[in-house]
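Please read the structure below before turning to the comments.
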Amino acid sequence: MRRFVCVLLLGASLLAQSPNTHPITGRRYAGVMGPAGADWLVRPEREAEEEPDKAIDLLAIAKGSTVADVGAGAGYITWRLAERVGPAGKVYANDIQQGMLDLLRRNVRERGLNNVEPVLGQFDDPRLPANTMDLVILVDVYHEFSEPQKMLRHIRESMKTDGRLVLLEYRGEDPKVPIRPEHKMTVIQVKAELEPEGFRMDRVLEDLPRQHILIFKKTP
């Protein structure tokens with residue numbers, strides 16, 4: 001029995017040390033979607049599955065705000081944010097793939113929006129200006145980070161003192177959500193991974209069909 005327990009502990013330790021898993025939760029990182037999958041990001045069914053406009057409504061983003069859409073992809077959330085903050089506001093649309101940003105630029109241009117700044121980031125740094133963001137939002141993105149701790153530290157630096165960090169993640173607690181397990185997260189997982197990086201959980205909203213809305217603020 002003692003040998004069996006030792007084997008289990010060793011296995012858990014090795015899993016936590018794997019470069020593809022989070023060192024606190026042991027969660028396996030999901031892969032990043034490439035531009036070839038961009039059509040899935042703007043599929044018509046997404047309106048009913050995720051209710052993106054409702055999600056943004058719940059965040060009550062003020063006109064004139066400065067926000068960042070990290071992992072913006074083809075701009076599905078970006079153009080909604082740009083409309084909400086208005087001409088006096090600004091949206092930094094970050095992605096690590098130039099191909100995605102090219103699609104985003106086209107989608108933003110077609111909608112006549114002039115308050116979006118695309119930002120080509122790195123896998124460990126979103127390259128956002130410091131002390132600038134009223135809100136940073138990650139929609140179905142955080143679980144893909146290969147360097148989540150470094151990303152969170154840089155995101156925190158980009159936020160104003162009273163800024164908010166918002167994650168939308170498919171509910172890992174619900175087996176009925178038809179998404180692969182590595183693309184889902186539980187509230188416990190998110191809290192355990194973000195709070196050591198200088199954030200505190202403020203609220204969790206469960207108003208969407210399949211996703212958590214997890215709202216964090218900076219700790220002093």
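No hydrogens, no waters, no symmetry mates; every other heavy atom, side chains included, goes into these values. For clarity, every value in this text was computed on a predicted model and none was experimentally measured.
Between Asp124 atom CG and Arg153 atom CZ the span is 11.0 Å, to the nearest 0.5 Å. Taken from CG in Asp95 to OG1 in Thr78, the straight-line distance is 9.0 Å, to the nearest 0.5 Å. Distance NZ/Lys217 to CG/Asp162: 8.0 Å, rounded to 0.5 Å. In this structure, the separation between CZ on Arg105 and CG on Leu113 is 14.5 Å, given to the nearest 0.5 Å. How far CD of Glu157 is from OG1 of Thr132: 11.5 Å, rounded to the nearest 0.5 Å. To the nearest 0.5 Å, atoms CG (Asp125) and NE2 (His154) are separated by 4.0 Å.
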Trace of the salt bridge (Lys or Arg N to Asp or Glu O under 4.0 Å) decision for Arg111 with Glu83: CA-CA 10 Å; Arg111 290 164 174 80; Glu83 291 167 354; 5.3 Å; no

Criterion side-chain contact (heavy atoms from CB on, under 4.5 Å) on Val190 and His212, from CA distance to verdict: CA-CA 10 Å; Val190 176; His212 301 296; over 6 Å; no

Check against side-chain contact (heavy atoms from CB on, under 4.5 Å), Leu167 and Leu194: CA-CA 11 Å; Leu167 277 65; Leu194 266 66; 4.0 Å; yes

Stepwise side-chain contact (heavy atoms from CB on, under 4.5 Å) test for Val91 and Glu117: CA-CA 6 Å; Val91 180; Glu117 181 173 334; over 6 Å; no

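A 4.5 Å side-chain heavy-atom check between Leu41 and Met100 finds at least one atom pair inside the cut-off. Two residues are said to be in side-chain contact when any heavy atoms from C-beta on lie closer than 4.5 Å; Leu165 and Leu214 fail this criterion. The shortest distance between side-chain heavy atoms of Val119 and Pro126 does not fall below 4.5 Å. Using a 4.5 Å heavy-atom threshold, the side chains of Ile215 and Val204 count as separate. Ser158 places none of its side-chain heavy atoms less than 4.5 Å from the side chain of Tyr92. No side-chain heavy atom of Phe216 sits less than 4.5 Å from a side-chain heavy atom of Asp202. Residues Thr219 and Glu195 have side chains not in contact (no heavy-atom distance under 4.5 Å, counting atoms from C-beta outward). Side chains of Tyr142 and Leu152 form a contact here, defined as non-hydrogen atoms less than 4.5 Å apart.
Look at Arg210 and Glu50 and you find no salt bridge, because none of the NZ, NE, NH1 or NH2 atoms lies under 4.0 Å from a carboxylate O. The pair Glu173-Lys184 does not meet the salt-bridge criterion, since no charged nitrogen lies less than 4.0 angstrom from a carboxylate oxygen. Here Glu193 pairs with Arg27 in a salt bridge; the nearest charged N to carboxylate O distance falls below 4.0 Å.
At a threshold of 4.5 Å between side-chain heavy atoms, the hydrophobic network of Ile, Leu, Val, Met, Phe, Trp and Tyr places Leu168 and Ile188 in two separate groups. At a threshold of 4.5 Å between side-chain heavy atoms, the hydrophobic network of Ile, Leu, Val, Met, Phe, Trp and Tyr places Ile213 and Val139 in one connected group. Cluster membership check: Met201 shares its hydrophobic cluster with Met151, using side-chain heavy-atom separations under 4.5 Å among Ile, Leu, Val, Met, Phe, Trp and Tyr. Both Leu205 and Val166 are part of a single hydrophobic cluster, where members link through side-chain heavy atoms under 4.5 Å apart. No continuous path of ILVMFWY side-chain contacts below 4.5 Å connects Leu103 to Ile96, so the two sit in separate hydrophobic clusters.
Scored by the side chain to side chain donor-acceptor pair (under 3.5 Å) test, Asp134 finds Lys160 as partners (sequence neighbours excluded). Taking the side-chain contact (heavy atoms from CB on, under 4.5 Å) definition, one finds that Ile61 meets it with Ile56, Leu59, Ser65, Val67, Leu81, Val85, Leu135, Arg164, sequence neighbours left out. Residues meeting the side chain to side chain donor-acceptor pair (under 3.5 Å) test with Asn94, sequence neighbours left out: none. For Gln97, there are no side chain to side chain donor-acceptor pair (under 3.5 Å) partners two or more places apart in sequence or in a different chain. By the side chain to side chain donor-acceptor pair (under 3.5 Å) test, Lys63 pairs with no residue at all, sequence neighbours left out.
Considering every non-hydrogen atom in both Gly198 and Arg156, the closest pair reads O-NE, 2.8 Å. Smallest separation of non-hydrogen atoms from Gly172 and Thr186: C-CG2, 3.8 Å. Of all non-hydrogen atoms in Asn107 and Ala74, the two that sit nearest each other are ND2-O, 2.8 Å. Heavy-atom minimum distance, Tyr29 versus Ser146: CE1-O, 3.4 Å. Heavy atoms only, all atoms of each residue included: Leu104 and Gly75 are closest at CD1-CA, 3.6 Å. Considering every non-hydrogen atom in both Pro118 and Leu101, the closest pair reads CB-CD2, 4.2 Å.
The 12-atom threshold is not exceeded at CZ of Arg180, counting heavy atoms of other residues, nucleotides or ligands nearer than 6.0 Å. More than 12 heavy-atom neighbours from other residues, nucleotides or ligands sit within 6.0 angstrom of CG on Leu120. In Lys218, the NZ atom is crowded: over 12 heavy atoms of neighbouring residues, nucleotides or ligands sit closer than 6.0 Å.
Each ring-ring contact (aromatic ring centres under 6.0 Å, His included) pair with one or both residues in residues 165-200, not counting sequence neighbours, appears once here: His143-His183.
For the pair Arg80 and Tyr76, the distance from NZ or CZ to the six-membered ring centre is under 6.0 Å and the angle to the ring normal is within 45 degrees.
A side-chain donor-acceptor contact under 3.5 Å links Asp140 and Gln211.
With hydrogens and angles disregarded, a donor-acceptor distance shorter than 3.5 Å links the side chain of His22 to the backbone of Ile24.
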